[in-house]
Amino acid sequence: MPRHTLALKSGESLRLLLIHADYFEYHVREPAVKKPEQLTDDRKSLELTNTLVVFVTVERDDEGKLESIVRSATHAICDVYEKVSPSSVVIYPYAHLSQELASPDKALEVLRKLEEQIAGRGLRVFRAPFGWYKAFSIKCKGHPLAELSRTIKGEESAYEEVVEREESEFIIVEPNGEEHPLELSEVEENSVLAKYPLLKQFIRSEELGIKPHKMPEHIRLMRRLELVDYEPASDVGHFRYYPKGELIKNILEDFATQMAIRDLGAMKIETPFLYRLSEPDIAEQAARFRERDYRLRVGNKEFVLRFAGDFGLFRMMKTTTMTYRQLPIRIYELAKAFRLEQSGELVGLRRLRAFTMPDIHSFCRDLKQGMEEYEALFKYYTRLVNAIGIEYVLAFRVVKDFYVEHKEWIKRMIREVGVPALIELLPKRKHYWVMKHEYQFVDSVGGNAQLCTVQLDVEDSERYGIFYVDEDGKKKGCIIVHSSMGSIERWIYALLEEAAKKLKRGEVPKLPTWLSPIQVRVVPVSKEYLNYAIKVAEELERRGYRVDVDDREETVSAKIRDAETEWIPFIVVVGREELKTKKLSVRIRGEGVRKMDMEELIERLKDEVKDMPKLPRYTPKLVSLKPRFS
RNA sequence: GCCCCGGUAGCUCAGACUGGUCGGAGCGCCGCACUGGUAAUGCGGAGGUCCCGGGUUCAAAUCCCGGCCGGGGCUCCA
């Protein structure tokens, strides 16, 4: 008999394991539950050949959606039946596929209905009795379709997903506001897109699914540069950060926080990672993300790890008293989030199971204020993307009626950024938002990922129990604008991929100076000049820059080479000559060697770092003291 | 999650098809000499359960099965 793997995820659905068997038999032994199903003699044992044995587990959450579950399960079973042509079907209650069993009477009800439905389709069907220990033997046929498992969900089962999908329309809006229709089938011939290669590549990747077939470069780079690495001892998609990667991550986090607070006056909060599934609103939120959330049981409580910041935020806002005078209220959280993405979907830092997402939620009085807020956030994220310095693409998704009504407003925003935009017009609203936009990134191999997004949520907040007090003293639901700059990890991906694109074009790859783990490396020509090198470094450090000193016993060439392979933007060589003239010999990445004095170098650094966050070195001052992490 | 490909020293990889002196190279690391001027100074040394678990065989890094991790594809991306 072939071996079966019965390990299935804990979840919230009906589980089926279908075995096409040459031979199957069972014999009832003794009761397994307090009130087992009443039995007639003819059901105490059974022996069949060429049969389809369906092991069925009814899960707790199946209760309440019995009808659709039974319908879908019947469909699934008949589907397999037609493919393998057995001469009968056996429904076999099998509790062991689950940790979250439904109550026995509900389970029995489902099994009976299932039997009835299948019989109703004219098939010969048997049902093994429920609530009894049974001995069984099975001889699996072992062909490719002989062993299958199915997960059946209520309502939106894969088996009834025949719902006709109305197609979106696409248009391109040029920076000057000119509008052009776009047929996705004619992307290659489109003359407007020919002017905007990045946007064209984005549409190929995002809308047409034309994929790069290549490994994105950042995966190699994140390890070469000792920034980030896999951690096989954790779950897949959970990474570890070496000091230099941690520093970059922390600077980006500080940047997100600083921008939100300084530019928008948002209020920063923090909420828990874990939420109880027994809370109805949490359960409802979790249900939106079926099978994509981490669940864990502690004692007799079941928890879900948040997959977005909303969980704790909405809870907090429920008990917050806000008045119309205070709106819009902007709340910022730097939230660690967890999503159980399918393992095959994870790609380096592009898609993770654990990531850090800064988000801002704005609570607004009405649609008018919501739209003003949307525009403010649009401008905010545009400044933010421009400040980090990567190429990006702009895409809007708008419900068509809303677009028609607010066309000029949207075009005004596009003109403001000065880049062309792809607009997807949805025939009708199917999400909580009427409109959103995304700043998307296109990587070195032609793949893409969403960075910033702003969403105008028009289902007002009453559904979450969030209210403000209006002028008339009455409680009202508000309009929520959801927004995020995208995960910090994904920004690291974008920065590394941006550098990889430079490399591909034959340019020198680099990180912006404000994000470089080491901004200046001082290289003494020999031991004699080490003290002077340290003095130079200390002066730069006092001025707020990350500097280290290569004190190793290596040749100058070797030390320069190492600094270059680390992508250090400024390399200062000091020796006899520098000591004498008090000038510095500065090798600027991608430019060449220049003689500068200390103040000139500091001016240059100041100019590149501007008012971006500053953090100290996370690695030793002396290069010889730093271990190699990867 | 499914399909295809891969996993050999800290890192990058050769060896595998045709099982048997194949456990190898470069980088890194350690030691000695060199006292350095803008992308690799020379010489020497240490390092490996050949991813893990089973199987086939007189014999397995090598062949077979299962698992784990990674890459690509499919699907997915509230």
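Computed from a predicted structure; not experimentally measured.
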Both distances under 3.5 Å, Watson-Crick or G-U wobble: report the partner of [N], or none.
N     : result
B/C27 : B/G10
B/C58 : B/G20
B/G66 : B/C52
B/C2  : B/G73
B/G42 : B/C32

What's the gap between [N] and [M] when it is taken at their [atom1] atoms, as a whole Å value?
N     : M     : atom1 : value
B/C69 : B/C29 : P     : 32 Å
B/G10 : B/C52 : P     : 13 Å
B/U12 : B/G71 : P     : 13 Å
B/G15 : B/C22 : P     : 15 Å
B/U41 : B/U35 : P     : 15 Å
B/A40 : B/C76 : C1'   : 46 Å
B/C77 : B/C63 : P     : 39 Å
B/A14 : B/C51 : P     : 13 Å

Handout entry: Under 4.0 Å protein heavy-atom contacts per nucleotide of nucleotides 33-41 of chain B, with B for base, S for backbone only and - for none
Key = --BBBBBBS

Practice task
Between A/Pro232 and A/Arg490, name the one whose nearest nucleotide on RNA chain B is closer to the 5' end.
Solution key: A/Pro232

Fill in the blank from the handout: Nearest-nucleotide check on RNA chain B, A/Gln342 vs A/Lys436; residue mapping nearer the 5' end is A/Gln342

Rounded to the nearest angstrom, tell me the gap between atom [atom1] in [X] and atom [atom2] in [N].
X        : N     : atom1 : atom2 : answer
A/Leu352 : B/G70 : CG    : C1'   : 14 Å
A/Leu340 : B/C77 : CG    : P     : 15 Å
A/Arg552 : B/G31 : CZ    : C1'   : 17 Å
A/Arg353 : B/G70 : CZ    : C1'   : 14 Å
A/Gln440 : B/C77 : CD    : P     : 14 Å
A/Leu346 : B/C68 : CG    : P     : 15 Å
A/Arg240 : B/C69 : CZ    : P     : 15 Å
A/Lys626 : B/G10 : NZ    : P     : 17 Å

For [X], side chain to side chain contact (heavy atoms under 4.5 Å, CB included) partners two or more places apart:
X        : answer
A/Lys400 : A/Glu169, A/Val404, A/Leu425
A/Lys582 : A/Tyr532, A/Leu579
A/Lys504 : none
A/Arg429 : A/Val399, A/Val434, A/Val458, A/Glu459

Practice task
For A/Arg561, enumerate each residue passing the salt bridge (Lys or Arg N to Asp or Glu O under 4.0 Å) test, keeping only those at least two apart in sequence or located in another chain.
Solution key: none

Practice task
Can you sort out the partners of A/Arg351 under salt bridge (Lys or Arg N to Asp or Glu O under 4.0 Å), two or more places apart, ordered by chain and number?
Solution key: A/Glu341, A/Glu345

Handout entry: Close approaches to RNA chain B from residues 219-231 of chain A, in residue order (heavy atom, under 4.0 Å)
Key = A/Ile219, A/Arg223, A/Arg224, A/Tyr230

With sugar-phosphate meaning primed atoms plus P, OP1 and OP2, does [X] contact a base, only sugar-phosphate, or nothing at under 4.0 Å between heavy atoms?
X        : result
A/Ala563 : nothing
A/Pro524 : nothing
A/Lys214 : sugar-phosphate
A/Gly447 : nothing
A/Val523 : nothing

Tabulate protein N/O versus nucleotide N/O from nucleotides 4-9 of chain B, keeping only pairs under 3.5 Å, one per line.
none

Problem - Near-ring test A/His238/A/Tyr294, centroid separation under 6.0 angstrom - result: yes

Practice task
Could you tell me if the ring centre of A/Tyr392 sits under 6.0 Å from that of A/Phe441?
Solution key: no

Fill in the blank from the handout: Regarding B/G47, purine or pyrimidine glycosidic angle vs 90° from 0 gives syn

Handout entry: ring pair (Phe, Tyr, Trp, His ring centres under 6.0 Å) contacts touching residues 568-590 of chain A (sequence neighbours left out)
Key = none

Problem - Any pair counted as ring pair (Phe, Tyr, Trp, His ring centres under 6.0 Å), so long as it reaches residues 216-237 of chain A, sequence neighbours left out - result: A/His218-A/Tyr493, A/Tyr230-A/Phe239

Practice task
Establish, from distance only, whether the side-chain atoms of A/Ser444 and A/Glu497 form a donor-acceptor pair under 3.5 Å.
Solution key: yes

Practice task
Taking atom types as modelled, find out whether A/Ser624 and A/Asp551 have a side-chain donor-acceptor pair closer than 3.5 angstrom.
Solution key: yes

Completion exercise
The side chain to side chain donor-acceptor pair (under 3.5 Å) partners of A/Lys436 (sequence neighbours excluded) come to A/Glu438

Handout entry: Nucleotide nearest A/Arg628 when distance is taken to its side chain, options B/G28, B/C77, B/C69
Key = B/G28

Practice task
Report the relative orientation of the aromatic rings in A/His482 and A/Phe314; use parallel for angles under 30°, tilted for 30 to 60°, perpendicular for over 60°.
Solution key: perpendicular

Exercise for the section: Tell whether A/Arg351 reaches the base of B/C76 with its side chain through a donor-acceptor pair below 3.5 angstrom. Expected result: yes

